[in-house]
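I have placed the structure first, in the form of structure tokens, so that the comments after it can refer back to it.
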There are 2 protein chains.
Amino acid sequence: MRDFFSQFDFQSDLLFEDLTESENQAVENTMESLAIKKGSMLFYEGGIPTGIYQIKQGKAKKFKRGFTGDEQIFYIYTPQDVLGYHALLGQERYQDSCEALEDLKVNFIAKEDFLRLLREIPALQQKLIKNIGHEFGVLANIIAVLAQKNQNARLALFLLLLENRFNRNSPTVKGIDLTRDDLANLIGTSQESLGRSLKQFKEQGCIETDKRNIYIKDSLQLEQLLQVKID
Amino acid sequence: MRDFFSQFDFQSDLLFEDLTESENQAVENTMESLAIKKGSMLFYEGGIPTGIYQIKQGKAKKFKRGFTGDEQIFYIYTPQDVLGYHALLGQERYQDSCEALEDLKVNFIAKEDFLRLLREIPALQQKLIKNIGHEFGVLANIIAVLAQKNQNARLALFLLLLENRFNRNSPTVKGIDLTRDDLANLIGTSQESLGRSLKQFKEQGCIETDKRNIYIKDSLQLEQLLQVKID
DNA sequence: ACAAATATATAACATTTGTTATATATTTAA
DNA sequence: TTAAATATATAACAAATGTTATATATTTGT
């Protein structure tokens, strides 16, 4: 199970794991806690990187506008995830945008501090590079899904992924709380067409909804749609 | 134009550009020339990296198998492109597979030699990291296209991209020479459905075919399908 | 608490894409 | 060179998805 989901998870929440006590202290010392309002941008495409973020509370979407301007979400970040390091490492501008889906609490590390940490903690640099390689594989997997799976299968997959990601570190299942618009932009369809698939899933008893929240009721049925056994 | 295409090009052919004479010599000295037969693998998913490759002649496809085993091509490499460094940098196994589409001539740099070059030539390391960031953006752009564009638009885009990439460094236009199967696995459709789109394009005068080769006859019409002006 | 704005649900119809089947062309190996 | 294997082309029908329209629910700002 963990293994199946990890094909689609950036796992950037593990970046600061496995540090020694003193290394960890050095990292903590550079962090500045920020509150970010729902709907505002952590960074955007074309902007100049100023540092990296670790989400401590809330969710954020990473997206890119295709050449015709349509928003394509390719990742939803949740607490503990670290983001914003690609552009910073490459000394270039952001390739994508990141927006708070709810009020966030984040820890910010300024560019120079983070680069210094990387120099001083070789294990961190190694882990970061490893992680970037992993993320590359995740995007390739997402490409395979979008290119090969039909809408119901894509929806089933993302519901399973998001449920797992959203409720990983929380004792109570809160369901999947995204706007229909965001969910549609994640699985690559229109809002209306997404609604049709959700209705089918409800009729089959796979899911239930309350307001915009989606609760998975029969994950086995969803997995069967993917023709894969998650264990 | 260059700018539009570069959104979808890895640009790994530029990796060894801008080196000093002596740096360049150091790189050349570590390279070993290899001949690889059509259909054989440069590396495959799960394998342990042994080094990196620069293609000197021929084309290769990079692909991944989705969890149901279907092949999804996400890049076609052409001469001068460098590949295979992700897994090597991250000290992990290959995340994807690479197969020769025709008989290849490649230059191989063994893992330890390449890692040494990176240590000794900071500009190379910097460029590599920058390039990995760029590739991340390319995959995100491909995700947007696959998720948002219909089949004809996807086909039009990839025909323009491939024509540009295949004939970039060659004086004579040779058209696009890929099996229907590979082209279908690149744009995310079935071979039969791809055939239908190709037929439409032929009827509209956008393209002509000879054997499996595809020649672009009216790129303006293809660009209009994308609702974008390439200039 | 209320009105306005925004988000969601649903249906009907059009269009696109998938699938199955069959025929023809091209390449490969003996 | 020829037979077998593989690749390509095409059509007909089924299924999935896009689009437009309208109604209802929920959220936001005052």
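Every chain is numbered from 1, with letters handed out A, B, ... down the list of sequences.
For an aromatic pair to be called close, the ring centres must be under 6.0 Å apart, and B/Phe67 with A/Phe4 satisfies this. Checked against the 6.0 Å centroid criterion, the rings of A/Phe74 and A/Phe63 do not qualify as a close aromatic pair.
Considering only side-chain atoms of B/Thr209, the nucleotide from D/dG18, C/dG18, D/dA9 that sits closest is D/dA9.
Within a 6.0 Å sphere centred on CD of A/Glu208, other residues, nucleotides and ligands contribute 12 heavy atoms or fewer. Shown here is A/Tyr44, whose OH atom has no more than 12 heavy atoms of other residues, nucleotides or ligands within 6.0 Å.
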Protein-proximity profile, nucleotides 22-30 of chain D, B/S/- by nucleotide at the 4.0 Å heavy-atom cutoff, equals ----S-S--

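By the 30° and 60° cut-offs, the orientation of the rings of B/Phe43 relative to B/Tyr94 is parallel.
Panel note: side chain A/Asp81, backbone A/Thr78; a donor-acceptor pair is recorded below 3.5 Å. In terms of modelled atom types and a separation under 3.5 Å, the side chain of B/Gln148 and the main chain of A/Glu71 share a donor-acceptor contact.
Applying the 4.0 Å criterion to OP1 and OP2 of D/dG18, one finds that A/Thr189 has a side-chain N or O inside that range. Considering only side-chain N and O atoms, B/Gln151 lies under 4.0 angstrom from the phosphate OP1 or OP2 of C/dG18.
In this structure, B/Gln148 atom CD and D/dG18 atom C1' are separated by 14 Å, rounded to whole Å. Summarising the geometry, the separation between CD1 on A/Ile214 and C1' on C/dT8 is reported as 11 Å, rounded to the nearest angstrom. As a whole-Å value, the separation of B/Arg154 CZ from C/dT17 C1' is 9 Å. For the pair B/Asp182 CG and D/dT8 C1', the interatomic distance rounds to 14 Å; values are reported in whole Å. Here the P atom of nucleotide C/dT28 and the CG atom of B/Asp103 are 11 Å apart, to the nearest Å. When rounded to the nearest whole Å, the span between CG of B/Leu178 and P of D/dT6 equals 20 Å. Remark: P of C/dA9 and CD of A/Glu208 are 14 Å apart, rounded to the nearest angstrom. Look at CD1 on B/Ile207: it is 13 Å from C1' on D/dT8, rounded to the nearest Å.
When the options A/Lys59, A/Arg165, A/Lys62 are evaluated for a side chain to side chain donor-acceptor pair (under 3.5 Å) with A/Tyr77, the one that passes is A/Lys62. None of B/Leu222, B/Leu225, B/Leu155, B/Ile176 except one satisfies the side chain to side chain contact (heavy atoms under 4.5 Å, CB included) rule with B/Leu160; the exception is B/Leu222.
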Dot-bracket encoding per residue of DNA chain D, Watson-Crick/G-U cut-off under 3.5 Å, | denoting interstrand
||||||||||||||||||||||||||||||

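Under 4.0 Å is where a charged nitrogen must lie from a carboxylate oxygen, and between A/Arg65 and A/Asp70 no such pair does.
Only B/Glu192, B/Ser193, B/Arg196, listed by number, bring a heavy atom of residues 192-205 of chain B to less than 4.0 angstrom from any atom of DNA chain C.
Inspection of the B/Lys56 and B/Ser33 side chains reveals no N or O donor paired with an N or O acceptor under 3.5 Å. A side-chain donor-acceptor contact under 3.5 Å links A/Gln151 and A/Ser193.
Within 4.0 Å of A/Thr179, counting heavy atoms only, lie sugar-phosphate atoms of the nucleic acid but no base atom.
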